[in-house]
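Working notes for the structure below.
Here is how names work: the chains are called A, B, and so on, in the same order as the sequence lines, proteins then strands, and each is numbered from 1. Treat the numbers as computed from the prediction; the structure is a model and nothing was measured.
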Amino acid sequence: MVKPSENSQLFKDIQLIVVPGALTKVASYRKAIWRKQGATVSFRLSQVKPEKDVYIICETEEYETEPEKVLEKLKVDNVKYPIVKLDWLTDSVRAQKLLPTENYVLKVEPKLRDQHTSISAKDILKGKKRNFEESRGSSADLTDDDEPHEEEGIEQGKLVGILRGSRDEGESDPNALVLYRLGQMADEYKGSGRSGVSNFKALSYRRAINSIRQHGKKLKTYEDAIKLPDVGDGIARKIEEINRTGQLHQLDEVRNDEHLMVVKTFLQIYGVGMSQAQEWYNRGYRETAEIEKNEKDKLSGVQRLGLKYLYDWSQRIPRAEVAEHEAFIKQISRDIDPDFEVDAVGSYARGAENSGDVDFIVCKKDIDDKGILGHFLYDLVSRLQEKEYIKCSLINIEVKNKARIRKFYGGGQLKGHQFCRRIDFLLVPWSERGAASIYFVGDDLFNRTIRSLAMQKHMKLNHKGLFKDKRDSKGHFDYSVENRIEAADEKRIFEILGVNWIPPEQRNLGKISSPGNVIKESGIIG
DNA sequence: CAGTAG
DNA sequence: CGGCCTTACTG
DNA sequence: GCCG
């Protein structure tokens, strides 16, 4: 292998527009090499720099058989730059000179468009969504889009893959140590926004963990690892290190980072986010006790409660106790109106052995009326306060405007129990209970994944329903009932999205693995 | 604007 | 390089 | 940190 000299600026004057492949990916270290040699690497034609020689690079071989896909990817009808295979670059790097492109060029016919599909600047901004709207009128055929979605296999795999090969959590995973270490990394980055480094890193780690768990087979090498979706160069390398040494050196760095540790401590307080935590750190505070002593009068009401219940709310709630909360509240609810339903959702519904809080969905058969719903929640909360179950409220429930009440957040404690718990009530119109259930059962990674999937299929999923992705001229979304595809039936929403229904117990995508036996046996806990 | 909810 | 799910609500 |  030829080692490129450190200072060679082989690609100094060129700009590469990379057209990503659909199913396979080129390791990102390659792009790093190109950049190191002076190239500008971009992904959109809008980023071309006039002073550079522009080349369009096809990452994968699929474009050699269907070159017109390049134009589709770039969302244009024609390009004036040469479209070349990836090999041109790799061969050029190897030769340490810019090779002639003639043997690598892909011939692409300009796309001809009729008037109906002529494309405007606005259309380009919106991608192909307009075409979709025009061709799809009813909800019935929304799933069999005639244009194959390249990511579909992967995205469905993320969801459907959970169904097969789902393992009990306690069972040992072939990658247990890797999952544990990556989970530690995710934890370290959770909620940290230091110096522009955002918690998107934590998101990436959790996605990678999910991907590895679903793969189910031992990842022995870097090459094994990087093949998986959501596992890139960085994480693949870390997997290699964990396999080799059992450790992850980067973990020690972040863990010894005082700033990170302190900020994370402050973030545990309900009502305190990055901004507040950072400010306290900057003022020199390092412990919550100092906040309590010096800043108490400056806290918001919610933060004051967060501090007051810091200890209680950091305790996990055993499953059995969640069930007790549910039974108690169901009883009170029946006393007010037996036709109202109150169900514990969240991690409890996903079968968790313990939960961080308790979430309840509140609804009544055939009732969408906000006035009725709001009135009931007001009565329910009042009754729970009389019974001295509710210890505090994190939001105001006004006596007037009951019709505007949609939720209640607060603290609830059962008689004879040690801790006050975080509880949430969420009012749900009967016609939206399917969508609401998906949302409130979670977990959040599952929600993000299924919502992404919906978007790729030109639909939009939120807690109020599954909608067609239709907007007005200003780009504002159409939430009218006519634009709603489905909201009441959870299974139907899955069906329309083209995935088999997934039971709540299998929606734990973001769960960080416990160390398991591997760690204990090898004695490297720590 | 920052924070919270799944 | 820019996006990473979503939207209403609170203070 | 990963993806397009």
Report summary line: With both pairing distances under 3.5 angstrom for Watson-Crick or G-U wobble, and | for a partner in another strand, the correct string for DNA chain B is ||||||
Requested in this report: Applying salt bridge (charged side-chain N to carboxylate O under 4.0 Å, His left out), run through E295(A) and R283(A) and close with a yes or a no.
Outcome: CA-CA 11 Å; E295(A) 299 284 322; R283(A) 284 199 218 144; 2.8 Å; yes
Requested in this report: Round to a whole Å and report the spacing from CG of N447(A) to P of dT6(C).
Outcome: 11 Å
Requested in this report: Please report, rounded to the nearest Å, how far the P atom of dG1(D) is from the CG atom of L203(A).
Outcome: 13 Å
Query raised in the report: Taking atom P of dG3(C) as reference, at what distance in whole Å does atom CZ of R207(A) sit?
Result: 15 Å
Query raised in the report: For H463(A), what residues pass the side chain to side chain donor-acceptor pair (under 3.5 Å) criterion, not counting sequence neighbours?
Result: none
Query - Contact interval (first through last nucleotide) of DNA chain B with protein chain A, 4.0 Å heavy-atom - result: dA2(B) to dG6(B)
Query raised in the report: Roughly how many Å is it from CZ in R304(A) to P in dG11(C), rounded to a whole number?
Result: 13 Å
Query raised in the report: Using a cut-off of 4.0 Å on non-hydrogen atoms, how would the nucleic acid contact of V272(A) be classed: base, sugar-phosphate, or nothing?
Result: sugar-phosphate
Report summary line: For K491(A), the side-chain contact (heavy atoms from CB on, under 4.5 Å) test, sequence neighbours excluded, returns D489(A), W501(A)
**Report entry** Contacts of D424(A) that satisfy side-chain contact (heavy atoms from CB on, under 4.5 Å) - sequence neighbours left out
**Finding:** D357(A), D359(A), Y409(A), R422(A)
Requested in this report: Output all residues satisfying side chain to side chain donor-acceptor pair (under 3.5 Å) with E353(A), sequence neighbours left out; order by chain, then residue number.
Outcome: none
Query - Inter- and intrachain pairs under salt bridge (charged side-chain N to carboxylate O under 4.0 Å, His left out), touching residues 439-450 of chain A, at least two apart - result: R206(A)-D444(A)
Query raised in the report: Looking at residues at least two apart in the chain, or sitting in another chain, which of them share a side chain to side chain donor-acceptor pair (under 3.5 Å) with Y270(A)?
Result: none
Query - Residues from residues 436-445 of chain A lying under 4.0 Å of DNA chain B - heavy atoms - result: Y439(A), F440(A), V441(A), G442(A)
Report task. Indicate, with a heavy-atom threshold strictly under 4.0 Å, whether K464(A) touches base, sugar-phosphate, or nothing. Result -> nothing
Report task. Using the test side chain to side chain donor-acceptor pair (under 3.5 Å), find all partners of N243(A) that sit at least two apart in sequence or belong to another chain. Result -> K218(A)
Indicate every side-chain donor-acceptor pair of residues 425-434 of chain A with a distance under 3.5 Å to a residue at least two apart or in another chain.
{"unit_1": "S431(A)", "atom_1": "OG", "unit_2": "D368(A)", "atom_2": "OD1", "d": "3.4"}
{"unit_1": "S431(A)", "atom_1": "OG", "unit_2": "D368(A)", "atom_2": "OD2", "d": "2.7"}
{"unit_1": "R433(A)", "atom_1": "NH1", "unit_2": "W430(A)", "atom_2": "O", "d": "2.6"}

Query raised in the report: So does K391(A) have more than 12 non-hydrogen atoms from other groups sitting under 6.0 Å from NZ?
Result: yes
Requested in this report: To the nearest Å, give me how far apart CZ (F467(A)) and P (dT6(C)) are.
Outcome: 13 Å
Query - Partners passing side-chain contact (heavy atoms from CB on, under 4.5 Å) against E292(A) (at least two apart in sequence or in another chain) - result: K296(A), L307(A)
Query raised in the report: For atom CZ of R404(A), is the number of surrounding heavy atoms from other residues, nucleotides or ligands below 6.0 Å larger than 12?
Result: no
Query raised in the report: Do any side-chain nitrogens or oxygens of K407(A) fall under 4.0 Å of OP1 or OP2 in dT10(C)?
Result: no
Query raised in the report: Within the structure shown, what part of the strands sits under 4.0 Å from R350(A) by heavy-atom distance: base, sugar-phosphate, or nothing?
Result: sugar-phosphate
Query raised in the report: Side-chain N or O of Q250(A) less than 4.0 angstrom from OP1 or OP2 on dG1(D)?
Result: yes
Query - Euclidean distance, atom CG of residue L305(A) to atom P of dT10(C) [Å, nearest integer] - result: 16 Å
Query - Separation between the P atoms of dC3(D) and dC5(C), rounded to whole Å - result: 14 Å
Report task. For R451(A) and for N396(A), find the nucleotide of DNA chain C with the closest heavy atom, then tell me which residue's nucleotide is more 5'. Result -> R451(A)
Query raised in the report: Just how far, in rounded Å, is P of dC2(D) from CG of N210(A)?
Result: 15 Å
Query raised in the report: What's the CD1-P distance between I56(A) and dG4(D), to the nearest Å?
Result: 18 Å
